[in-house]
Amino acid sequence: MELYNYLFSLLGRQAWWPADSPFEVAVGAVLTQNVSWKNVEKSIETLKRKRMMSPQAIAKAKLSHLESLIKASGFYRRKARTLKELSKLFISSGGVGEFFEGETAELRKKLLSIKGIGPETADSILLYAGGHLIFPVDNYTRRLSKKFGICSSQNYEAIRQCFEMELPKDVEVYKEMHALIVEFCKRFKSEC
DNA sequence: AACCAGGAGAGAG
DNA sequence: CTCTCTCATGGT
C-alpha cells in the first residue's frame, strides 16, 4: 500500500503499545477512548501500583474503588463497568491467553457484546493484545481515507475491509499502519 | 478559557 | 444509515 510506505518513510517504525501483558493492552484500549494517551498512562500506572492490573483483581474490585483508580482517563463511570465486564469475559474463557485462541470473528462478537466496547476498541484489542489479523478504524483513518480517496464509503466495516484488502496480511504491518496513521495526524494536524 | 484527545451508546429523523 | 447529544478528565 502506497500510504503505508509513505508514512513509514516519513515517520519510521513506531513499535507502538509497549505493555507488560496483553491484559494491560486491552485495559489501555478501553481507557484511551476519546482521551489522550497521556491521561491513560496515569491510570495504568495507578492500577499497577495498586496491584490491580489483572482480570481477577478488577473483576472482584468494588466499582467505586475502580472508578477512583481510573478517574484520570475520563468517562470513568462507564469505563469502570466495561473493564469489569471485560475481565469477567477473560476469566470465564479460562484466562487472557486462552480467550485469544478462539476464532477472530467469534471473539469480535463477544467483545462487541460488552457495553462500552465498540468496533474500534474491539479490533484494537484483537490486534494489539491478541495478535489477530484485523485492522482498527479510528477517526484519523476515516479522515485520511476520505482525503486521499482510499475508500468510497465512510462506513466502519467498509473502510476496515478496504484497508485489509490493500495491506499485506501481516499482523506487524497492521499494527504499524494504525500507529503510523495516528502519529501522522497528531504531528500534522492540518493535514488530517 | 474554549477546545480537543488513539469512542461508544442512545435517541431522532 | 446518518446526525446529534452525552459522558468527564487533563493538557494547551
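Every chain is numbered from 1 and lettered A, B, ... according to where its sequence line falls, protein lines coming before strand lines. Note that the coordinates shown come from a computational prediction; the quantities given were computed from them, not determined experimentally.
A heavy-atom distance below 4.5 Å is not found between the side chains of A:S21 and A:V96.
Scanning residues 157-173 of chain A for heavy-atom distances under 4.0 Å to DNA chain B yields an empty list. Scanning residues 65-82 of chain A for heavy-atom distances under 4.0 Å to DNA chain B yields A:R78.
Within the structure, no pair that satisfies the salt bridge (Lys or Arg N to Asp or Glu O under 4.0 Å) test touches residues 79-98 of chain A, not counting sequence neighbours.
Judged by closest nucleotide on DNA chain C, A:Q154 is the one of A:Q154 and A:S36 placed further toward the 5' end. With DNA chain B read from its 5' end, the first of the two nearest nucleotides for A:L112 and A:T32 is the one closest to A:T32.
Picking from B:dA8, C:dG10, B:dA5 the nucleotide with the shortest atom distance to the side chain of A:N39 gives C:dG10.
Within the nucleic acid shown, A:I117 comes within 4.0 Å of sugar-phosphate atoms alone, with no base atom in reach, counting heavy atoms only. Backbone-only engagement by A:I114 is indicated by non-hydrogen atom pairs under 4.0 Å involving sugar-phosphate atoms exclusively. Using a 4.0 Å heavy-atom criterion, one finds that A:P119 contacts the sugar-phosphate atoms exclusively. Using a 4.0 Å heavy-atom criterion, one finds that A:K115 contacts the sugar-phosphate atoms exclusively.
Remark: A:L86 CG to A:K110 NZ distance equals 12.5 Å, nearest 0.5 Å. Note that OG1 of A:T121 and CD1 of A:I114 are 10.5 Å apart. Values are rounded to the nearest 0.5 Å.
Counting distance only, with no hydrogens placed and no angle test, the side-chain atoms of A:N34 and the base atoms of B:dG7 include a donor-acceptor pair under 3.5 Å.
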Please list, one pair per line, the donor and acceptor atoms closer than 3.5 Å that link side chains of residues 59-70 of chain A to other protein atoms, with sequence neighbours excluded.
| unit_1 | atom_1 | unit_2 | atom_2 | d |
| --- | --- | --- | --- | --- |
| A:S68 | OG | A:H65 | O | 2.6 |

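The ring-ring contact (aromatic ring centres under 6.0 Å, His included) search around A:F184 returns A:F188, not counting sequence neighbours. Under the rule for a ring-ring contact (aromatic ring centres under 6.0 Å, His included), the partners of A:F135 that lie at least two apart in sequence or sit in another chain are A:F163, A:Y174.
A donor-acceptor pair under 3.5 Å is formed between the side chain of A:E176 and the backbone N or O of A:A15.
With both ends at atom C1', the span from C:dG11 to B:dA1 equals 13 Å, rounded to whole Å.
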